[in-house]
K.L.:
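One structure, pasted below without further comment.
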Amino acid sequence: MNRRLTLTALLVADYDEAIRFYVDLLGFTLEQDIRISDEKRWVVVTPSSTSTGLLLAKAANGRQKAAIGEQSGGQVFLFLETDDFERDYASYRERGVRFVEEPRHEAYGTVAVFEDLYSNRWDLIGPVADNGSTK
């Protein structure tokens, strides 16, 4: 049996503003933007070279709207691994991405916490290479 996790649904207030954030600020690729109805679209964004993506799901009712930015209760929710931490950290800061912690070194790599446009917390991670140094 062959299985893989392909998408994580992320509640958003507006498709277009979410696309702008993930594509323009974080450098993700817009893989799909399919209109399903007047109110609903199938919008998938992915970081480069991966088959795992985010399904940007517009909140459709009060319960969902209340959960925007709170899907993890304030904990880091998503983890974005990079092959060049310094490059991406500097680039994101220049583009206005809000980091809530300065970079720190952990056993698993260099990490800095940032927030997306709805205050969901992300880890930007430069993992430890096989030789013990961070990438």
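All residue numbers refer to positions in the sequence shown, counting from 1.
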K.L.:
Let's go through Thr46 and Gln32 carefully: what are the C-alpha distance in whole Å and the side-chain angles of both, what is the deciding distance for side chain to side chain contact (heavy atoms under 4.5 Å, CB included) to 0.1 Å, and is it a yes or a no?
P.N.:
CA-CA 10 Å; Thr46 62; Gln32 294 178 308; over 6 Å; no
K.L.:
So which heavy atom on Thr52 is nearest to which on Pro47, and how close?
P.N.:
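Heavy atoms of Thr52 and Pro47 come nearest at O-CD, 3.7 Å.
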K.L.:
How close do Arg41 and Ile19 get, heavy atom to heavy atom, and via which atoms?
P.N.:
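Looking at all heavy atoms of both residues, the shortest contact is NH2-CD1, 3.6 Å.
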K.L.:
Could you tell me whether Arg63 atom CZ has more than 12 heavy atoms of other residues or ligands within 6.0 Å of it?
P.N.:
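Counting neighbours around CZ of Arg63, 12 or fewer heavy atoms of other residues, nucleotides or ligands fall under 6.0 Å, so no.
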K.L.:
For a quick test of reading the model, state the closest non-hydrogen atom pair linking Asn120 to Gln71 and the distance between them.
P.N.:
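Looks like OD1-N, 4.2 Å.
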K.L.:
Less than 4.5 Å apart, any side-chain heavy atom of Glu17 and any of Val12?
P.N.:
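Of all side-chain heavy-atom pairs linking Val12 with Glu17, none is under 4.5 Å.
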K.L.:
Report yes if some heavy atom in the side chain of Val128 is under 4.5 Å from a heavy atom in the side chain of His105; otherwise report no.
P.N.:
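Answer no - side chains too far apart.
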K.L.:
Check whether any side-chain heavy atom of Leu124 sits under 4.5 Å from a side-chain heavy atom of Phe99, and report yes or no.
P.N.:
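Yes, side chains in contact.
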K.L.:
How far apart are the closest heavy atoms of Ile68 and Ala59, and which atoms are they?
P.N.:
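Closest heavy-atom pair between Ile68 and Ala59: CD1-CB, 3.7 Å.
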K.L.:
Please name the pair of heavy atoms, one in Ala112 and one in Pro103, separated by the smallest distance, quoted to 0.1 Å.
P.N.:
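Shortest heavy-atom contact: CB-CA, 3.9 Å.
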K.L.:
How about Lys40 and Tyr15: do any of their side-chain heavy atoms sit closer than 4.5 Å?
P.N.:
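They are in side-chain contact.
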K.L.:
Is there side-chain contact between Leu78 and Asp116, with at least one heavy-atom pair below 4.5 Å?
P.N.:
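The answer is no, as the side chains (C-beta and beyond) never meet within the 4.5 Å cut-off.
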K.L.:
One pair to check against side chain to side chain contact (heavy atoms under 4.5 Å, CB included): Phe85 and Ile125. What are the steps and the verdict?
P.N.:
CA-CA 7 Å; Phe85 180 88; Ile125 300 174; over 6 Å; no
K.L.:
Given Val76, which of Glu101, Arg121, Glu115 fulfils the side chain to side chain contact (heavy atoms under 4.5 Å, CB included) condition?
P.N.:
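Exactly one candidate clears the test, Arg121.
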K.L.:
Between Arg87 and Asp83, which heavy-atom pair has the shortest distance, and what is it?
P.N.:
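So the minimum-distance heavy-atom pair works out to NH2-OD1, 2.7 Å.
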K.L.:
Going by side chain to side chain contact (heavy atoms under 4.5 Å, CB included), Trp122 matches just one of Phe77, Phe79, Phe114. Which one?
P.N.:
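Of Phe77, Phe79, Phe114, side chain to side chain contact (heavy atoms under 4.5 Å, CB included) with Trp122 is met by Phe114 alone.
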K.L.:
First locate atom CG of Asp16, then atom NZ of Lys58, and finally report the distance between them rounded to the nearest 0.5 Å.
P.N.:
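So the gap between those two atoms works out to 9.0 Å.
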K.L.:
Roughly how far, to the nearest 0.5 Å, is CG of Leu25 from CZ of Arg20?
P.N.:
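Answer rounded to 0.5 Å: 10.5 Å.
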K.L.:
Distance only, no hydrogens: is a donor on one side chain within 3.5 Å (strictly under) of an acceptor on the other, for Ser91 and Arg95?
P.N.:
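There is such a pair (donor and acceptor under 3.5 Å, judged by atom type) between the side chains of Ser91 and Arg95.
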K.L.:
Kindly indicate, with the supporting measurements, whether the criterion side chain to side chain contact (heavy atoms under 4.5 Å, CB included) is fulfilled by Val43 and Leu30.
P.N.:
CA-CA 8 Å; Val43 178; Leu30 178 61; 3.9 Å; yes
K.L.:
Atom OG1 in Thr110, atom CG in Asp123: separation rounded to 0.5 Å?
P.N.:
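If I round to the nearest 0.5 Å, the distance is 11.5 Å.
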K.L.:
Less than 4.5 Å apart, any side-chain heavy atom of Thr82 and any of Tyr92?
P.N.:
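A side-chain contact is absent here, since even the closest heavy-atom pair is not under 4.5 Å.
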K.L.:
Is the ring pair Tyr22/Phe28 parallel, tilted or perpendicular, if the boundaries are 30 and 60 degrees?
P.N.:
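Judged by the thresholds at 30° and 60°, the geometry between Tyr22 and Phe28 is tilted.
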K.L.:
Could you walk me through whether Phe21 and Leu26 satisfy the side chain to side chain contact (heavy atoms under 4.5 Å, CB included) test, starting with their C-alpha distance in whole Å, then the side-chain angles of each, then the deciding distance to 0.1 Å, before giving a yes or no?
P.N.:
CA-CA 7 Å; Phe21 179 84; Leu26 296 188; 3.6 Å; yes
